Amino acid sequence: MPPASGAAVPADPVVRLDHVVKAFGPARAVDDVTFAVGPGEIFGLLGPNGAGKTTTIRLILDLYRPDSGTIAVLGGAMDDAARDRIGYMPEERGLYRDVTVERCLTYLGTLKGLSPAESRRRVLEHLEQLGLAEHRHKKVKDLSKGMQQKAQLVATLVHRPALVIVDEPFSGLDPVNAQTVKEWLRALSRQGTTIIMSSHQMQTVSELCDRILLINRGRGVLYGPVADIRRRFGRAAVRLRLAGDLPPTPCIAAAEREHGTWTLTLAPGATPDRLLGELAALDAGIEYFEVALPTLEDIFIGVVGGEAPE
Amino acid sequence: MSKLWRVARYEYARHVLQRRFLATLLGLPLFLVLIAAVTWLIAVAQRDARPVGYVDLSGFLADAAPPTVEDARPGERAAGAVRAFASEPEARAALEAGDIQGYYVLPVDFRATAAGTLVYLDDQPSAGARRSFDARLRAAWLAGLPPATARRVADGVTFVTPARGGGDQPMWVSTLVNVGLPIFVGIVFISAIFATAGYLMHAVVEEKENRTIEVLATSVAPGTLIAGKIAGITAVGLTQIGIWSVLGLAGLAAARPHVAWLGAVAVEPRLVASMAATMLPAYVMIAALMVAVGATVAEASEANQITGIFTLPVMLPYWFAGQIVPHPDSPLAIGLTLFPLTAPVTISLRAGATEIPAWQMVGHTAFLTLSAAAAVWLAGRAFRLGLLRVGARVRWAEVLGRT
């Protein structure tokens, strides 16, 4: 499947990759990947372990140089000005362990172009918001894992970046902290910050992301808005609950009932609209009617396992 | 403020505020003081205060009055008295009783032959005791001469060398300052660079292991990051050397009123300039090589092994010190001066022993500066290749762009 087919490409992308290839020895970690991310979007990079998500992120960040293809970030090639507008949270957290939280985060802020005083002010503000203010004089290694992840989030956001790239941001987080991170990401997106998020947690991606690129074995295999992809992979099926029995209609090819909810597979040529019309005409007592769309997880497993229809 | 400066400042503060920096800073002077104290204690413990005896069968010494305490040199004064015996059996008995260190026998024809015998049991009489007896003999030989002439002959001739900046210094002080001091500075420099560059190498390995490097490299270009780290660690080294210098100068200033020859010490600016022109680029070069090693290895223990590859050539000139110091303009000395890794120590060995020709100074400084620049480039490349390879080595062929 061509990665970009059917995907709405933003007119003024914050990040754009065109036919990017990166190989390590004989193995192509990223193989002809093309996608673009628009301003204010939350964009998901999905894929199984080893699919090439982290390599793609490192290419965007200029930590790796592509073997071929082009990458534009914040309007051009990576330079110091662009680096100052990017916040990056790696999957494996990277903070100086033997340094105090405040000193470490303030230093990282200054490397993003903030003055030491401004960096410190913002660090303390963020630590306060995340409930870490009282731990600011502790060494990073003395914080709990959850606290270290929050501190890493502060390092990512302290300079108010235009583009935030987070690699597996929920890895190892408890539900409370995961919810906190989600809220931060949503708030950033509302403020116009562009977010690229790599994850294999489908439910979270489905909740947060506007569009996704599914990568498998280095290649982009699905690309576009989440809702469009789900519709595209939707089986012709509906879920419904009725006050009475299910009346027979020509639109239904098969029916299953579980806990009072019917899952109906539509007959060839039938549509959910037509079925709804027929059931209404038959006065079937409709209590609940939903076009059944596959979850991202279903699609992911199907595509990666080679089972999903094109 | 540029990012390079910020990285340098952070690295500087990070290392200077560490306990191990203070340990090294204070450890070396304390070690030197300890060595001096132990040497002194050993010398005191081994000093033999017993007199040395003599049996004068020629009557030669009877003709001369013994030298006064004021006439004796410091070593002779410390060695104690010279004791006369009437006969050899008497002297032998005193020796076996442990009353004397040994005894000299001046035969009857001593005045004609100037040949005598020294008798001792297991150990020779100490140098001081022997000097005391020599002084007695000198005084006897000079008896009858006018006192001023006798003193002049006894003291010998003192040569002095003109010191830069005015004044003269005795030749042995000049040798100490011009040969000893550069060698000492070379040792201090090597200690400082391997200590501080070693911190840097381990810091890079640690940053790789804890993934901080990935965050840093998304904020600062790898070349800037490396240059900042090297600048910071060079400043750490200079701080260390600066503090040692201040401590050393303070010690000398305190000792000057009590040690007469220290007043004659004068260090030539040429010596300081040639050492600085060598040590600064050498410092940057070795620090950069340390970073390159840190960036390419999988773990810290591996880094320690690899650093031996360039530690050996740096130390190599010390093996040839016996040839370089007496023959400072030999082809070996010149060759080692021009090779960047051996230059720092070779210069420290040669600087006081000869006036190094300008072409060699310019040549070796140029080679060192170019090598330092190449090492920084290499470190940047190794860093870029190695920064994301946790637990895996980067091959040097890759760093050098051969694959």
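For the numbers below, each heavy atom of this structure counts, side chains included, while hydrogens, waters and symmetry mates do not. Since this is a predicted model, take the numbers as computed values, not measurements. Letters go in sequence order (proteins before strands), and every chain restarts at 1.
- Under the side chain to side chain contact (heavy atoms under 4.5 Å, CB included) criterion, Ser219(B) pairs with Leu111(A), Lys112(A), sequence neighbours left out.
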Test salt bridge (charged side-chain N to carboxylate O under 4.0 Å, His left out) on Arg83(A) and Asp62(A); report intermediate values, then the result. CA-CA 9 Å; Arg83(A) 282 191 186 90; Asp62(A) 196 39; 3.4 Å; yes
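- Residue with the most contacts toward chain A among Ala217(B), Pro222(B), Ala221(B): Ala221(B) (heavy-atom pairs, distance under 4.5 Å).
- If you measure heavy-atom distances from Tyr107(A) to chain B, the contacts under 4.5 Å come from the side chain alone.
- With a threshold of 4.5 angstrom between heavy atoms, Asp98(A) approaches chain B through side-chain atoms but not through N, CA, C or O.
- Contact count versus chain B (heavy atoms, under 4.5 Å) is highest, among Asp84(A), Ile165(A), Thr156(A), Ile86(A), for Asp84(A).
- When Thr110(A), Leu108(A), Asp79(A), Leu61(A) are compared by the number of non-hydrogen pairs under 4.5 Å with chain B, Thr110(A) comes out ahead.
- When atom types are taken as modelled, the side chain of Glu41(A) and the backbone of Gly38(A) share a donor-acceptor pair closer than 3.5 angstrom.
- Here the side chain of Thr193(A) pairs no donor or acceptor atom with the backbone of Ala162(A) at under 3.5 angstrom.
- A salt bridge between Glu11(B) and Arg14(B) is present, with a side-chain N of the basic residue lying under 4.0 Å from a carboxylate O of the acidic one.
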